[in-house]
4 protein chains.
Amino acid sequence: MGGGRPRDTGVEERVVAVAREMLREGGYARFAVDQVADRAGVAKTTVYRRWPSRDHLVVAAVATFLDDVAIEETGDLRADLVRIAAAIAAGLGQPGIRLLVSELIAAGARQPDLAASVYQLWARRRAASLDLFAAAVGQGEQADDVDPGLILDQIIGAVYYRALITGDPVDDDYLKRLVSAALAGAGVSSGGLA
Amino acid sequence: MGGGRPRDTGVEERVVAVAREMLREGGYARFAVDQVADRAGVAKTTVYRRWPSRDHLVVAAVATFLDDVAIEETGDLRADLVRIAAAIAAGLGQPGIRLLVSELIAAGARQPDLAASVYQLWARRRAASLDLFAAAVGQGEQADDVDPGLILDQIIGAVYYRALITGDPVDDDYLKRLVSAALAGAGVSSGGLA
Amino acid sequence: MGGGRPRDTGVEERVVAVAREMLREGGYARFAVDQVADRAGVAKTTVYRRWPSRDHLVVAAVATFLDDVAIEETGDLRADLVRIAAAIAAGLGQPGIRLLVSELIAAGARQPDLAASVYQLWARRRAASLDLFAAAVGQGEQADDVDPGLILDQIIGAVYYRALITGDPVDDDYLKRLVSAALAGAGVSSGGLA
Amino acid sequence: MGGGRPRDTGVEERVVAVAREMLREGGYARFAVDQVADRAGVAKTTVYRRWPSRDHLVVAAVATFLDDVAIEETGDLRADLVRIAAAIAAGLGQPGIRLLVSELIAAGARQPDLAASVYQLWARRRAASLDLFAAAVGQGEQADDVDPGLILDQIIGAVYYRALITGDPVDDDYLKRLVSAALAGAGVSSGGLA
DNA sequence: TCATAACCGAGACGGTACGTCAGGTCTTTTA
DNA sequence: TAAAAGACCTGACGTACCGTCTCGGTTATGA
């Protein structure tokens, strides 16, 4: 029950940093654990000691990407929603990111124990979006029967759906109509809450 | 200009049939071109002559899956939409299918020349769903400013989004609320068109 | 008895010409029947109708190379032999030719029906060398117990042996000693026949 | 600088042993790296880690063949030489060996980095033969100006030449004449050194 | 202070599949 | 018929990554 050598805490950071780089450069396909380890100056064993599979490492690396995105709320719910949706659409417009997102989804589907982590990836962003509604309600408007989650699903779901699955374009005009329809569906009057 | 030996059209069928089987049995992960060729009694090179990569073959095989699904319209638009959404949700509820769908999306993102084929996979089902609206309009209801595509995006998009990305449950109650909201957002009155 | 399309007599020539070129360019390893046919503007089938295997075609092509080499006899047997040996050594000094010769030998060993053709390839050159002895005898010298074939074997055999098998150098000095030893062994006096 | 897992030295032995077997069974043509690995209970990648190509492995395997051959010297140089030459001729008389030797030579010509190994294959046997001369000289005979290498070249070279290249028979009578001529050419008297 | 235990770098290893290449045969249309 | 075109089968090649394992060496703790 002795102690043993303590883990080098620098390893996590270095590896994840390199992993992030490699994802940016070559995407998911050319992401090889061997190379990550090499570049990070770390043994492959050390990598596998922390992340039980390539997918786990990728998810961990992506988790650090998403921190960057900041959501600014202007108080104008409709506009804020459009802006958020546009940001997502813009991201998915880049082939690299589109692939990465797809692969993450697939990774979650492949390994059940990863699913939760992957879901959480998006959950954080979703939570930020949900705050918008709280703020809007705070500014005083009826919100009794409004389900913000449902509205978000309709909007963001549609964006992912078009970008990843149907391949249809997601332009600004579409987004405006989308947001309007979703808000209207929830009984949020055009002039009202927004 | 002369001719050359004509392609054995039986090959396509046999290979795709075997590919379909193998997808059902082992999913995407255990799908190996080598084995498909073997089982189909065909040389691997012959497979590669038609489908330039594993992904291409998988997409081709999946394309034949989807033909089976029939959409029955009952005349009750709301109920039909709920049923369609439920069917999709049920499919995505199965881990194998969820993975397969994810991998297909990823395959499209990996190889640009595959994207179109993958999009088309879903497009066919989408077209069938859109017919519902045409039928509903035929039964006489206002539909001047209704955009069926937008409504579908909100519904189906939300289902995919929850099933694949957020991991949130997609139960019947949710679907009813979802469909209602989407229809309401388009100005379709509760008692009206549906 | 019907007529049928007559054989295009130009085919042999064209194919062999192309084959020769390709051997010069890429050597035996990169010699592909497919490409030969393509370049000659001929169907692969047509090639195989005339030469039953790749090896056969190669041998046929090489046979046309060797015609070029001319042996000039000067009347000085010893010098002539040295010159011949040197020519062979020079040829085998080129990696491409060394490989080609090796592969021809191998081809002969692989396919018994080719062996004869391959042997004949070298036989022609050998015959020319043997003429030297006839000429020398004609110029009057004892030749009762001289076996020209044996002498040639000793000389040319040694050259091939060193060039192909032991990798030892075959320089001029060596050749002179070699020829002298071989002639001496046959009882040909230094000053005499030569 | 540390080390890493040490190579399993058993692998070399097992693989080479299997390789040798397979060469004996099916010759060069049916020698497949895949099968060697399988039979040796080793991953193909492990094989390729040590021998960068099929040819390399074959050469390594053959190298272990040749160790078996023992050269017995009886003190009678002439007879010993005849016996050695006869042994070589007998070997080359077997189609399988003839092909193997040809392919080895070709392999050396194909891949420059293999040439040295192939040359060495024969060099060992040659060295053993050269010992005969040392022994003969030890038994006291003039050998000042005798070049054993030259003599061997003439004898062994001629044998290979006839067996592989001209296809002429190499019988006992021929060998006796050959050895005599070569010795005579070196000034070794019939009754003398031999 | 010394054994023990966990960590680390290095790299061999088994395994699985990939996509490719070339040889040689077979089938059709056209001259 | 022969020729051109090209599909087809066969068999093997060498490569890429994955995740596991076995080393020697290092750094902490606890007896």
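A, B, ... follow the sequence lines: proteins, then strands. Residue 1 opens every chain. What you see below is based on every heavy atom in this structure, not just the backbone, and it leaves out hydrogens, waters and symmetry mates. Keep in mind that what you see is a predicted model, and the values were worked out from it rather than measured.
Identified under the side-chain hydrogen bond (donor to acceptor under 3.5 Å, both in side chains) test for residues 7-19 of chain D, with sequence neighbours left out: D/E12-D/R50.
Side-chain contact between A/R110 and A/D55 is present, with at least one heavy-atom pair separated by less than 4.5 Å. The shortest side-chain heavy-atom distance between C/V101 and C/I105 falls under the 4.5 Å cut-off. Here the side chains of D/S117 and D/L114 are in contact, with some heavy-atom distance below 4.5 Å.
Comparing D/Q35 and A/D55 against DNA chain F, the residue whose closest nucleotide sits nearer the 5' end is D/Q35. Heavy-atom nearest nucleotides on DNA chain F were determined for C/G41 and for D/R54, and the one closer to the 5' end corresponds to C/G41. With the nearest nucleotide of DNA chain E identified for both B/A32 and D/P6, D/P6 has the one nearer the 5' end.
Within 3.5 Å, no donor on the side chain of D/T45 pairs with an acceptor on the base of E/dA12, nor the reverse.
In this structure, OH of D/Y28 is placed 14 Å from P of F/dA12, rounded to the nearest angstrom. When the P atom of E/dA5 is taken as reference, atom CZ of A/R49 falls 16 Å away, rounded to whole Å. One interatomic measurement links the two molecules: CZ of A/R7 to C1' of E/dA6, which rounds to 9 Å at whole-angstrom precision. Regarding A/M22, its CE atom lies at a distance of 14 Å from the P atom of F/dA16, rounded to whole Å. The interatomic distance linking D/D34 (CG) with F/dA12 (C1') rounds to 7 Å, in whole Å. If you take CG of B/D8 and P of F/dG6, they are 18 Å apart, rounded to a whole angstrom. Rounded to an integer number of Å, the gap from D/Y48 OH to F/dC17 C1' is 17 Å. Protein atom NE2 of B/H56 is 14 Å distant from nucleotide atom P of E/dC18, rounded to whole Å.
At a threshold of 4.0 angstrom between heavy atoms, the contacts of C/V11 with the nucleic acid are absent. Note on C/R30: nothing from the nucleic acid sits closer than 4.0 angstrom, heavy atoms only. Within 4.0 Å of B/S53, counting heavy atoms only, lie sugar-phosphate atoms of the nucleic acid but no base atom.
A cation-pi geometry, defined here as NZ or CZ lying under 6.0 Å from the six-membered ring centre and within 45° of its normal, does not hold between C/R54 and C/Y48. For the pair D/R24 and D/F65, the cation-pi test (distance below 6.0 Å, angle within 45°) is passed.
Residues satisfying the side chain to side chain donor-acceptor pair (under 3.5 Å) test with C/R49, not counting sequence neighbours, are none. With sequence neighbours left out, the salt bridge (charged side-chain N to carboxylate O under 4.0 Å, His left out) criterion links C/R98 to no other residue. Annotation: side chain to side chain donor-acceptor pair (under 3.5 Å) contacts of B/S53 (sequence neighbours excluded): B/H56, B/Q111.
Annotation: proximity of residues 96-117 of chain C to DNA chain E (heavy atom, distance under 4.0 Å) is found for no residue.
Each of E/dG14, F/dT10, E/dA12 was ranked by its minimum atom distance to the side chain of A/K44; first place goes to E/dA12. When distances run from any side-chain atom of B/A43 to the nucleotides E/dG24, F/dC9, F/dG19, the shortest one goes to F/dC9. When the nucleotides F/dC18, F/dG14, E/dG14 are ranked by their closest atom to the side chain of D/V33, F/dG14 comes out on top.
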Nucleotide-level pairing of DNA chain F, given in dot-bracket where Watson-Crick and G-U pairs need both distances under 3.5 Å and | marks other strands = |||||||||||||||||||||||||||||||

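With respect to A/E21 and A/R39, a salt bridge is recorded, a charged nitrogen being found less than 4.0 Å from a carboxylate O.
Considering only side-chain N and O atoms, D/T46 lies under 4.0 angstrom from the phosphate OP1 or OP2 of E/dG14. Contact annotation: B/R5 side-chain N/O to E/dC26 OP1/OP2 distance is not under 4.0 Å.
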